[in-house]
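Data block below; observations after.
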Number of protein chains: 2
Amino acid sequence: MDDKRKVNILAGKGCKNTKSREAVINVLEAADTPVSAEEIFVRIIESGFSINISTVYRTLELLESKGLVAKTMMKDGRARFELVRGEHRHHLICTGCMKMVPIDCPIEALERDVGRKTRFDITGHKLELYGICPECKEE
Amino acid sequence: MDDKRKVNILAGKGCKNTKSREAVINVLEAADTPVSAEEIFVRIIESGFSINISTVYRTLELLESKGLVAKTMMKDGRARFELVRGEHRHHLICTGCMKMVPIDCPIEALERDVGRKTRFDITGHKLELYGICPECKEE
DNA sequence: GTAGATGCAAATTTTTTGCATTTAG
DNA sequence: CTAAATGCAAAAAATTTGCATCTAC
């Protein structure tokens, strides 16, 4: 079980294994695109659990600090969160409705090159394409 | 003069040519990496001009809606703005201090491919690498 | 003269924090 | 039992908005 694994990673890092954290991780596991803190909160409440929005934020912050979750800021001013899985993901984002579609990453090679030129230690990258999705096109 | 051109584009779209807008455009012209609304505001004030922060936001919103400015959200929760120039720019961003270094774009070809697969109308993309800059490495 | 732009203050929205209380290990 | 986690309410920070006033055209 993947969520079990995540919880164990937390335990291994001196973090307690609570129902709230399990609930947040479950939502992240079930989501196939990045979700906002509010969305996570609502999905947990809808599943019959009780949780506070600040617990959601604190859990996400913890998971990000442990490298288990990636945070991205969107143009609408809200952050989105996604589990860091084996291979990372990039997204095609509809500028009409913010819907996200996963796409493959084409730019592993570039990192080494840029790192050499700029003397940065490259730790990651983000690639996003923007466009109008078929549904928004019809409107 | 480039800023003159921008102002004229505004005029051509039924927008008035004011000192505030000129000041915002001047700051954007002078910046070689994306800047926050607050930074724009401060630079205008420091240059001896008087302007209100909401005028800065309104001007940026206007410029973005006319396609003259690109807005990007950063992980620190603040948006950054940059003039849309002939060729677009991508950035290498230090996760320590948020410093940005321009890099070339390697992914024009990808857009067509993704567009065909997803039936989105691709309107643009964003590529960012993250890392630790030489200065932050020393600390 | 008039539509559009600005300043100001207040409202919104998202995220963070302090502190008293609860709970996992 | 104790450090860590949570809930709640309040604070912060970025951005937006309503409205009276001002200004470019």
Side-chain angles (χ1 to χ4, degrees), chain A residues 3-4 6-27 34-45 48-66 68-81 98, chain B residues 3-4 6-27 34-45 48-66 68-81 98:
Chain A
D3 56 329
K4 198 86 174 199
K6 299 285 178 190
V7 166
N8 285 342
I9 290 172
L10 281 185
K13 303 202 183 195
C15 303
K16 289 183 178 170
N17 180 357
T18 70
K19 292 207 191 263
S20 299
R21 286 171 181 175
E22 195 186 334
V24 170
I25 290 170
N26 282 344
V27 171
V35 281
S36 69
E38 175 77 16
E39 282 166 340
I40 293 170
F41 173 73
V42 168
R43 290 182 197 180
I44 292 172
I45 295 293
F49 252 70
S50 171
I51 194 172
N52 190 279
I53 187 75
S54 43
T55 300
V56 174
Y57 276 109
R58 283 193 273 230
T59 299
L60 291 169
E61 187 184 27
L62 174 73
L63 293 171
E64 194 197 7
S65 77
K66 301 298 180 191
L68 305 179
V69 154
K71 173 182 177 179
T72 312
M73 288 298 286
M74 300 289 291
K75 268 190 162 181
D76 65 6
R78 262 175 285 160
R80 306 297 150 95
F81 304 85
M98 295 284 145
Chain B
D3 56 331
K4 198 85 174 199
K6 299 285 177 190
V7 166
N8 284 342
I9 290 173
L10 281 186
K13 303 202 181 193
C15 304
K16 288 182 179 170
N17 181 357
T18 70
K19 292 204 191 264
S20 299
R21 285 170 183 177
E22 195 186 334
V24 171
I25 290 170
N26 282 345
V27 171
V35 282
S36 69
E38 176 77 15
E39 283 167 339
I40 294 170
F41 172 73
V42 168
R43 290 183 197 180
I44 292 172
I45 295 293
F49 252 72
S50 172
I51 194 172
N52 189 279
I53 187 76
S54 43
T55 300
V56 173
Y57 277 110
R58 282 192 274 230
T59 300
L60 290 170
E61 187 184 27
L62 175 72
L63 292 171
E64 195 197 7
S65 76
K66 301 299 181 193
L68 306 178
V69 155
K71 173 183 179 179
T72 312
M73 287 301 284
M74 300 288 291
K75 267 191 164 182
D76 65 5
R78 262 175 284 160
R80 305 298 149 94
F81 303 85
M98 294 286 144

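Below, all heavy atoms of this structure are taken into account, side chains as well, without hydrogens, waters or symmetry copies. Owing to the predicted nature of the structure, the values given are computational and were not obtained by experimental measurement. Throughout, protein chains are lettered first and strands after them, A, B, ... in sequence-line order, and every chain is numbered starting at 1.
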From CD1 of B:I51 across to C1' of D:dT23 the rounded distance in Å is 15 Å
field: Side-chain touch B:P34/B:M74, heavy atoms, less than 4.5 angstrom
entry: no
Worksheet item: In terms of side-chain geometry, is the basic nitrogen of A:E64 or B:K75 positioned less than 4.0 Å from the acidic oxygen of its partner?
Response: yes
B:R78 CZ to C:dT13 P, in whole Å, measures 22 Å
With the side chain defined as heavy atoms from C-beta on, B:K16 is closest, among D:dC25, D:dT16, D:dA3, to D:dC25
The side-chain hydrogen bond (donor to acceptor under 3.5 Å, both in side chains) partners of A:E38 (sequence neighbours excluded) come to none
Margin query: OP1 or OP2 of C:dT16 versus the side-chain N and O atoms of A:S54: is any pair under 4.0 Å?
Written below: no
note: B:K71, atom NZ; D:dT16, atom C1'; distance rounded to Å ~ 10 Å
Quick one: is D:dA24 close enough that its OP1 or OP2 comes under 4.0 Å of any side-chain N or O from B:N17?
-> no
Of A:T55 and B:E38, the one whose nearest nucleotide on DNA chain D sits closer to the 5' end is A:T55
Give one of base, sugar-phosphate or nothing for A:I53, where a contact means two heavy atoms less than 4.0 Å apart. nothing
Q. So does B:R21 get a side-chain nitrogen or oxygen closer than 4.0 Å to the phosphate oxygens (OP1/OP2) of C:dT6?
A. yes
Is any side-chain N or O of A:N52 closer than 4.0 Å to OP1 or OP2 of D:dT6? no
Using only atom types and a distance under 3.5 Å, with no angle test, would you say the side chain of B:R21 pairs donor to acceptor with the backbone of B:K16?
yes
Item checked: Side chain B:R58 and base C:dG7 donor-acceptor under 3.5 Å -> yes
Taken to the nearest whole Å, CD/B:E22 to P/C:dA5 is 15 Å
Here the distance between atom C1' of C:dT13 and atom CD of A:E39, to the nearest Å, is 15 Å
Between CD of A:E61 and C1' of C:dT15 the distance, given in whole Å, is 10 Å
When rounded to whole Å, the OH to P distance for the pair B:Y57 and C:dT13 reads 16 Å
In whole angstroms, the gap separating C1' of D:dT6 from CG of A:L60 amounts to 15 Å
Presence of B:T18 side-chain N/O under 4.0 Å of D:dA24 phosphate oxygens OP1/OP2: no
Can you find a heavy atom in the side chain of B:C15 that is under 4.5 Å from one in the side chain of B:K66? yes
